[in-house]
Amino acid sequence: MASSQRFGNSDIHFNKEFDEVDEDGVLVINKHNRQQAKYPDFLPTWDPSFKLPPLKFEKYIDPATRADPTFPNLFPQGGDFSTKRITPGFGTEIDGIQLSQLNDAGKDELALFLAQRKVLLFNEQDFADKGPGFAVEFGKYFGRLHIHPSSGAPRGHPELHITYRRPEKGELERVFANRTTSIGFHSDVSYELTPLRFTVFQVLESGDGGDTVFVDAGAAYRRLSPAMQQRLQGLHVLHTSEDQAANSSFQGGVERRKPVSNIHPLVRLDPVTGEKSLYVNRAFGRRIVELKKEESDALLDFLHGHIERSLDLQLRVNWEAGKRRKVALFHNSGVSHSATFDTVEGEVRHAFRISVLGERPILDLKDLNKEEYTPGDLADALSAIKPI
């Protein structure tokens, strides 16, 4: 594996240089860092004995389809709350609403509002105080939760995905050893058969910086010329977790599931809103299966650059070092996002994520929740990216 890939995801995998193994053989953050943590119950662990089969297909019905579009439970009339658009196109910041207090109808409306605005930021939330078990139960209301194949999770709560940037010197040097930037827009675990519908994310502890940048993938699609939009429809991209799995193994980490690969439409339809968006991913997308290598490389490079350079289609969330206890919900099917590695050397960045598995990506509603939907030959696609 190229050295430029070895240190990707340095904040989700076990690191044999800094971390420890406890008496049960479970991989853990070292004792000094555990003692310094503000939220030790949310610290990551990695159990090498915990193995899972590949994800199986399951139909997904979004709770948004049950929601009252006037949002009487999420935004009750006369309630003491405020909303503010983060950008005109997408993203809303909300004060005065406690997510943990929503009833089921309010959660359905939350799912619909999220489908419409794509990124929601709620301030002063109590998830961290209630602990990892509550966060898991909250997420389960919306659907089947994803268990990451290699990242850390709190002991007993594998559904939580933990990012933990260690305070040891050299962490930032590792990130930038072979790269000039840390920016890498992606949609999480797009390699799964049924990727994530949406994610709940909170930064628990951090120094200044470490913002998350989001880009509206639907607006990015609409910004293209009609001729280009038409050309992209009907194309499919091979997504694979092989590099991520190899990176975890290189750092001494775990492999809960064997690496998987799947083919998804390059243009993805949201079954709730009917919006089309670009579904491309530098992290996991490898090739447009209908095109030859050079054609695919050129087109994907253009689309990635379009997403990365379009600052007028982006928003940036400042976590304010976790002080305002912000919880973000974002739509993995309609946005791409990137972390920023601009915190000061020696400062911890500790966050958790709950992710809801959604529908198998489609371009046409007639294919929604069809198990037999086959957009391409996976074996041929994989053989095409292997060295000759």
Side-chain angles (χ1 to χ4, degrees), residues 42 52 55-76 90-92 94 97-122 125-128 130-148 151 153-154 157-162 187-190 192-202 212 214 217-218 268-275 277 279 326-335 337 351-362 368-369:
F42 282 91
L52 294 168
L55 287 177
K56 293 184 178 180
F57 174 84
E58 287 190 16
K59 292 182 179 180
Y60 181 70
I61 305 299
D62 197 305
T65 60
R66 304 189 293 260
D68 184 331
T70 64
F71 307 110
N73 297 279
L74 180 62
F75 301 126
F90 78 121
T92 298
I94 300 103
I97 291 175
Q98 191 62 249
L99 290 172
S100 66
Q101 302 302 312
L102 291 177
N103 59 21
D104 288 354
K107 292 175 184 176
D108 293 344
E109 293 166 16
L110 175 67
L112 177 59
F113 193 53
L114 177 59
Q116 294 173 350
R117 293 299 295 169
K118 300 181 184 177
V119 177
L120 303 179
L121 190 62
F122 289 84
Q125 299 300 299
D126 59 6
F127 277 72
K130 291 180 176 295
F134 179 85
V136 170
E137 290 305 311
F138 178 85
K140 283 182 178 178
Y141 176 83
F142 300 93
R144 187 170 48 140
L145 298 186
H146 183 254
I147 297 177
H148 196 277
S151 73
H157 302 288
E159 300 90 349
L160 262 66
H161 165 103
I162 304 299
S187 176
D188 290 325
V189 302
S190 62
E192 299 287 15
L193 179 65
T194 53
L196 309 183
R197 178 62 174 165
F198 71 84
T199 289
V200 181
F201 183 80
Q202 179 175 8
T212 303
F214 296 91
R268 182 175 183 177
L269 179 75
D270 187 315
V272 171
T273 64
E275 182 183 41
S277 61
Y279 197 56
K326 299 180 180 184
V327 169
L329 290 82
F330 58 92
H331 244 284
N332 277 283
S333 58
V335 301
H337 66 279
F352 75 85
R353 169 179 112 192
I354 318 160
S355 296
V356 179
L357 291 163
E359 78 283 358
R360 188 172 187 176
I362 57 168
L368 180 62
N369 285 325

CZ (Phe352) and CG (Leu160) are apart, to the nearest 0.5 Å, by 6.0 Å
Gln98 side chain vs Asp126 backbone, donor-acceptor pair below 3.5 Å:
yes
Exercise for review: State whether the side chain of Arg268 and the backbone N or O of Ser277 hold a donor-acceptor pair below 3.5 Å, judged by distance alone.
Suggested key: no
Between Val136 and Ile354, the two heavy atoms sitting closest are N-CD1, 4.5 Å
Answer yes or no: is there a side-chain heavy-atom contact under 4.5 Å between His161 and Asp188?
-> no
For the rings on Phe198 and Phe330, is their centre-to-centre separation under 6.0 Å? no
field: Heavy-atom check, side chain of Leu329 versus side chain of Leu110, under 4.5 Å
entry: yes
Tightest non-hydrogen contact, residues Val189 and Leu196, listed as CG2-CG, 3.4 Å
CD1 (Ile362) and CG (Leu269) are apart, to the nearest 0.5 Å, by 5.0 Å
In terms of heavy-atom contacts, Phe42 and Pro132 come closest through CZ-N, 3.4 Å
- Does a side-chain heavy-atom distance below 4.5 Å link Val119 with Val335? yes
>> Using modelled atom types and a 3.5 Å cut-off, is there a donor and acceptor pairing between side-chain atoms of Asp108 and backbone atoms of Asp68?
In response: no
Value for OG1 (Thr92) from CZ (Arg117), rounded to nearest 0.5 Å, stands at 4.0 Å
**Report entry** Leu52 side chain reached by Ile147 side chain, heavy atoms, under 4.5 Å
**Finding:** yes
Which of Glu275, Glu359, Arg197 passes side chain to side chain donor-acceptor pair (under 3.5 Å) with Ser333? It is Arg197
Here the pair of heavy atoms bringing Tyr279 nearest to Ser190 is OH-CB, 3.4 Å
Taken to the nearest 0.5 Å, the spacing of Asn369 CG from Tyr60 OH works out to 10.5 Å
Problem set entry | Under 3.5 Å donor-acceptor, Gln125 side chain and Val327 backbone | no
Exercise. Checking Ser355 side chain against His146 main chain: does a donor-acceptor pair fall under 3.5 Å?
Worked result: no
Any chance the side chains of Arg360 and Thr194 put a donor and an acceptor closer than 3.5 Å? no
Note: Ala64 and Val272 closest approach over all heavy atoms is CB-CG1, 4.0 Å
Quiz prompt | Arg353 side chain near Gln202 side chain, heavy-atom distance below 4.5 Å | solution = no
Can you find a pair of side-chain heavy atoms, one from Leu102 and one from Leu74, that are under 4.5 Å apart?
-> yes
Tightest non-hydrogen contact, residues Leu112 and Pro69, listed as CD2-CA, 3.8 Å
Interatomic distance, OG1@Thr199 vs NE2@His331, rounded to 0.5 Å, equals 10.0 Å
When you compare the side chain of Leu99 with that of Phe138, does any pair of heavy atoms fall below 4.5 Å?
yes
Requested in this report: For the pair Asp62 (side chain) and Thr65 (backbone), establish whether a donor and an acceptor sit closer than 3.5 Å, ignoring hydrogens and angles.
Outcome: no
Phe90 vs Phe214, ring-ring contact (aromatic ring centres under 6.0 Å, His included): CA-CA, chis, key distance, verdict
CA-CA 10 Å; Phe90 78 121; Phe214 296 91; 7.5 Å; no
(Q) Tell me whether Tyr141 contacts the main-chain N or O of Lys107 through its side chain, where contact means a donor paired with an acceptor under 3.5 Å. (A) no
To the nearest 0.5 Å, atom CD of Glu192 lies from atom CG of Leu55 at 4.5 Å
* Asked: Judged by atom type as modelled, is there a donor-acceptor pair below 3.5 Å linking the side chain of His148 to the main-chain atoms of Ser151?
  -> yes
Just wondering, do Ser100 and Lys130 contact through their side chains at under 4.5 Å, heavy atoms?
-> yes
